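Everything numeric in this text was worked out from a predicted model, so none of it was measured. We count ligands from 1, going down the list as the structure has it; atoms in each ligand are counted the same way.
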Amino acid sequence: MYDYFLGGAHNFEIDRQLAEQIASMTPNLADTMRAGRAFLRRAVRYLAAEGIDQYLDIGSGIPTVGNVHEVAQDANPTARVVYVDIDPVAVMHSKSILDGNEWADAIQADLRQPELILDEARKLGLIDLSRPVAVLLAGVVHFVPDADHPGDVIRTLRDATVPGSYLVISHSTYEDQPQEMLDAQKLSARTATEITLRSHAEIAGYFGDFALVEPGLVHLPLWHPETPGDVDEHPERFGAFGGVGHKAG
Ligand SMILES: C[S@@+](CC[C@H](N)C(=O)[O-])C[C@H]1O[C@@H](n2cnc3c(N)ncnc32)[C@H](O)[C@@H]1O
C-alpha cells in the first residue's frame, strides 16, 4: 500500500483497493506518506552535500520512486547504501531492484536488534563504522512500542557511529493532528503494524547528544523545502515530525 501511495509499481491489486479505500477516508494519510518520503529525499540530498557517502536505512520499505540509493548515488556514484527491513517481501523486492548495483544491498532484520543490524551491515562490507555514516530511521520508530525501549535501541545505533555522523528520524505524532489522522492511527491498533504516536519532546530525545540541524525537529514540509510542492499551508496536518541530528567532532 505504501508503495502504491508513493506512486510505485511494486504493489498488488489488493494493496491498491485497500489504499484507495483509506485514501478516500483519510486524504491526509496518503499525503503524509508522500511528505515522509519527500522529507527523506531532501535529508539525503542534504547529507550528500555534507559529504556523507554511507547510509544505513532501517525500515526502508521497498526502494521505490526516488529512493535513498538513487538520491545518494546521484550525488556520489559510489555512495554505499544498506537497506534494512523486517518485512521479507520488502527485502526481496529491494534486492531485485538493487541487482547489479555493487554499492547497495538489503538485509532482513529487526530494528529492535540493533547490534545484529550493525554486525550484518559490517559483514556486507559496505558500511565502515570507523568513518561517518548516516543512520536513517524514517517512518519506522513509531512501529516500536514503548515496551521494546526505542530510546535504548536508538542509543545503541548512535553510540556505534563516529563524530561527523548523522541521524535522520521521521516519526508520527499526536501533537497538532486533525482528528481524522488520530482515528486512522487508532485503526492501526487492529493490524499487525500498530503505531505508537509520540510527542515532540519524546522524538527530540531520540537524538541524544546529536545536535539538531536547523530548523530542528519540525513538521515534515518545514524541513528544508526545495520546491513549491514541498511546502504546505497547513504543515501540521501531516501528523509527523522530521529532523536530522549531527554528532559533533
Ligand atoms: C512507513 S514504511 C517507511 C519506509 C521508508 N523508510 C520511508 O520513509 O519512505 C515503514 C517500514 O518499516 C518497516 N518496519 C516496521 N517495523 C520494523 C522493525 N521493527 N524493524 C525493521 N523494519 C521495520 C516496515 O516493514 C516498513 O517497510
Side-chain angles (χ1 to χ4, degrees), residues 1-8 10-11 15 18-19 22 26 28-45 47 55-72 81-95 97 104 106-118 120-121 134-154 156-157 167-173 181 184-185 188-189 191-198 203 206 220-221 223 230 238-244:
M1 274 200 296
Y2 190 65
D3 178 72
Y4 176 71
F5 278 130
L6 295 176
H10 303 272
N11 48 72
D15 303 320
L18 212 56
I22 290 173
T26 62
N28 282 323
L29 190 65
D31 285 352
T32 297
M33 292 185 189
R34 284 189 278 265
R37 187 58 70 109
F39 159 76
L40 179 60
R41 283 197 294 265
R42 297 197 301 278
V44 172
R45 260 194 293 276
L47 297 172
Y55 301 80
L56 183 58
D57 182 1
I58 309 176
S60 48
I62 296 174
T64 183
V65 199
N67 215 292
V68 169
H69 71 282
E70 292 167 351
V71 178
V81 179
V82 172
Y83 289 119
V84 182
D85 205 282
I86 197 170
D87 177 0
V89 178
V91 175
M92 196 187 73
H93 270 294
S94 304
K95 279 189 161 294
I97 289 168
I107 53 178
Q108 188 192 345
D110 188 332
L111 169 59
R112 290 167 294 184
Q113 296 180 302
E115 282 100 351
L116 203 128
I117 291 179
L118 293 164
E120 292 292 317
V135 176
L136 314 178
L137 299 173
V140 64
V141 181
H142 46 227
F143 290 115
V144 179
D146 291 344
D148 288 336
H149 309 290
D152 294 345
V153 166
I154 300 171
T156 302
L157 292 169
L167 174 64
V168 175
I169 299 178
S170 61
H171 193 302
S172 296
T173 182
M181 287 283 284
Q185 271 134 356
S188 82
T191 70
T193 48
E194 180 173 358
I195 284 180
T196 302
L197 302 176
R198 296 193 170 97
I203 302 165
Y206 294 148
L220 299 171
W223 201 91
D230 292 331
F238 293 99
F241 289 117
V244 175

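Looking at ligand 1, you won't find any N or O of Gly139 less than 3.5 Å from one of its N or O atoms. Geometrically, ligand 1 and Gly59 share a nitrogen or oxygen pair separated by less than 3.5 Å. Ligand 1 has an N or O atom lying under 3.5 Å from an N or O atom of Leu111, backbone or side chain. In terms of polar-atom proximity, defined here as any N/O pair under 3.5 Å, Asp85 does make such a contact with ligand 1.
Within the 4.5 Å cutoff, the side chain of Asp148 has no heavy atoms near those of the Val153 side chain. Inter-residue side-chain proximity for Glu120 and Val84 is flagged as unmet; no heavy-atom pair is nearer than 4.5 Å. Here the side chains of Ile195 and Phe143 are in contact, with some heavy-atom distance below 4.5 Å. Considering only heavy atoms from C-beta on, Asn67 comes within 4.5 Å of Arg37 through its side chain.
Atoms of ligand 1 lying under 4.0 Å from any heavy atom of Asp110, numbered from 1 in the order shown and given with element: 18 (C), 19 (N), 20 (N). Ligand 1 places these atoms under 4.0 Å from at least one heavy atom of Asp87: 25 (O). Against a heavy-atom cut-off of under 4.0 Å, Phe143 is close to the following atoms of ligand 1: 10 (C), 15 (C), 16 (N). Residue-ligand proximity, Gly61 to ligand 1, at heavy-atom distances under 4.0 Å covers atoms 27 (O). Interface atoms of ligand 1 facing Ala109, defined by a heavy-atom separation under 4.0 Å, are 20 (N), 21 (C).
If you take CD on Gln113 and OG1 on Thr156, they are separated by 12.0 Å, rounding to the nearest 0.5 Å.
No heavy atom of Gly36 sits closer than 4.0 Å to any atom of ligand 1.
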Please assess His69 against Asp57 for the test side-chain contact (heavy atoms from CB on, under 4.5 Å), listing each intermediate value before the final yes or no.
CA-CA 10 Å; His69 71 282; Asp57 182 1; over 6 Å; no
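With a heavy-atom cut-off of 4.0 Å, Ser60 touches ligand 1 through its backbone alone. Here Ala90 has no heavy atoms under 4.0 Å from ligand 1, in either its backbone or its side chain.
Annotation: side chain to side chain contact (heavy atoms under 4.5 Å, CB included) contacts of Leu157 (sequence neighbours excluded): Ile58, Leu111, Pro114, Leu118, Val135, Leu137. When the ring-ring contact (aromatic ring centres under 6.0 Å, His included) test is applied to Phe39, the partners found at least two apart in sequence or on another chain are Trp223.
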